[in-house]
Amino acid sequence: MKRQHHFAVIQFSYIFLFITSSQWNVLPQNLPPLRYDGFVYENRKGGSDSILIEAFFDPVCPDSRDTWPPLQKALKHYGSRVSLVVHLLPLPYHDNAFVASRALHIANILNCSFTFPLLEQFFKHQEKFYGSETSNLSKDSIVKEIVKFATVIVGDSYSSPLQFGFNDIQTDLKTRVSFKYSASRGVYATPFFFVNGFGLPGAGSALDYKVWRSIIDPLVGAK
Ligand SMILES: *[C@@H]1O[C@H](CO)[C@@H](O)[C@H](O)[C@H]1NC(C)=O
Ligand SMILES: *[C@@H]1O[C@H](CO)[C@@H](O)[C@H](O)[C@H]1NC(C)=O
């Protein structure tokens, strides 16, 4: 009996070791990140009393582009009662999605007030980065193009810092964290929304203003 008991203890500690070491193996190097992923819109920090929308966008996704104006209108309507955090999910089947997302992280590091204007600039001129427009360009010349493109928003004095940003491995890692965070939330398409932590149906399609009102009105009314 005693020996059996001993054996069980040893077995248990093996299982324990296995679980703890496999948990470590699951977490890749730069995870968890230094800061929570995402860009906070208009510095609305939210709080226990405000409604939190999390949006997952790809800067070169047409549906993300189309969903932005009605969402912006809804945010304007609700003011500080609603806060928004945008996470980036660079989709592998959208040309240049990762490099565009990385540009947003770089701009955000330079000055967080650059982030949303640059996101809007990508939405406005997405077709510059699709298909044949960049199909015969090297990766380096695409980065150059994107630096030029983003300089229009951040200003000439930030052109070199933007360029340097693309040589900094940390900005690559940040963009990977965005991707990994999206994957960890089960997000597989853009746009994709969570309201107070729960996913909305209709993944991958733009929501119009009326839909936003029908989702948020009952929540603010309940307060
Ligand atoms: C960031 O940009 C805003 C708006 O252009 C400006 O008011 C602010 O001073 C800038 N902050 C820094 C740290 O440069
Ligand atoms: C890319 O293709 C376009 C049109 O097909 C051509 O005009 C241009 O010279 C090409 N650029 C390079 C770098 O090969």
Side-chain angles (χ1 to χ4, degrees), residues 30-47 49-61 64-90 96-129 140 142-182 190-191 193-194 209 212:
N30 53 313
L31 292 183
L34 288 175
R35 289 196 177 62
Y36 209 91
D37 182 72
F39 304 130
V40 180
Y41 182 64
E42 284 183 345
N43 225 13
R44 297 183 195 177
K45 292 272 186 245
D49 215 25
S50 96
I51 290 153
L52 173 64
I53 300 175
E54 288 162 281
F56 291 79
F57 288 158
D58 176 337
V60 290
C61 157
S64 297
R65 171 195 66 201
D66 294 344
T67 211
W68 179 237
L71 173 56
Q72 225 182 354
K73 189 174 166 193
L75 288 163
K76 200 167 172 195
H77 174 77
Y78 293 110
S80 60
R81 288 174 294 174
V82 175
S83 55
L84 170 75
V85 177
V86 168
H87 301 282
L88 299 177
L89 172 54
N96 306 309
F98 193 87
V99 65
S101 298
R102 189 173 178 184
L104 284 164
H105 275 291
I106 295 167
N108 180 261
I109 293 166
L110 294 177
N111 184 331
C112 64
S113 73
F114 294 152
T115 319
F116 283 87
L118 182 56
L119 179 63
E120 284 172 1
Q121 183 80 343
F122 275 117
F123 284 162
K124 218 161 141 187
H125 301 286
Q126 282 175 341
E127 65 289 349
K128 277 174 83 97
F129 303 106
D140 280 349
I142 290 171
V143 166
K144 272 200 195 106
E145 278 303 309
I146 288 208
V147 167
K148 232 166 56 187
F149 177 82
T151 299
V152 172
I153 297 299
V154 302
D156 288 342
S157 59
Y158 282 102
S159 178
S160 306
L162 268 175
Q163 179 72 55
F164 290 137
F166 278 100
N167 300 329
D168 179 357
I169 184 71
Q170 290 308 320
T171 67
D172 174 84
L173 294 178
K174 270 191 168 219
T175 317
R176 293 185 197 202
V177 164
S178 293
F179 171 81
K180 287 172 197 207
Y181 180 70
S182 304
T190 58
F193 298 102
F194 289 80
Y209 180 67
W212 279 115

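Whatever order the structure lists them in is the order used to number ligands and atoms, beginning at 1. Below, all heavy atoms of this structure are taken into account, side chains as well, without hydrogens, waters or symmetry copies.
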Exercise. Run the numbers for me: atoms of ligand 1, each under 4.0 Å from some heavy atom of Ser113, listed by number.
Key: 1 (C), 2 (O), 3 (C), 4 (C)
Quiz item: For atom 9 (O) of ligand 1, is some protein heavy-atom partner under 4.0 Å away?
Solution: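 It does not; no protein heavy atom is within 4.0 Å.
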Exercise. Measure from atom 2 (O) of ligand 1 to the protein's non-hydrogen atoms and state whether any distance is below 4.0 Å.
Key: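 Yes.
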Quiz item: Among protein heavy atoms, which sits nearest to atom 12 (C) of ligand 1, and what does the distance come to when rounded to 0.1 Å?
Solution: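 The closest one turns out to be Asn111 ND2, 3.4 Å.
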Quiz item: Under 6.0 Å between ring centres, would you say that holds for Phe98 and Phe179?
Solution: no
Quiz prompt | Gln126 (side chain) donor-acceptor with Cys61 (main chain) under 3.5 angstrom | solution = yes
Quiz item: Donor-acceptor pair, Thr171 side chain versus Gly165 backbone, under 3.5 Å?
Solution: yes
Exercise. Kindly assign one of parallel, tilted or perpendicular to the pair Tyr41 and Trp68, based on the angle between their ring planes and the thresholds 30° and 60°.
Key: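 The arrangement is perpendicular - the two ring planes meet at more than 60°.
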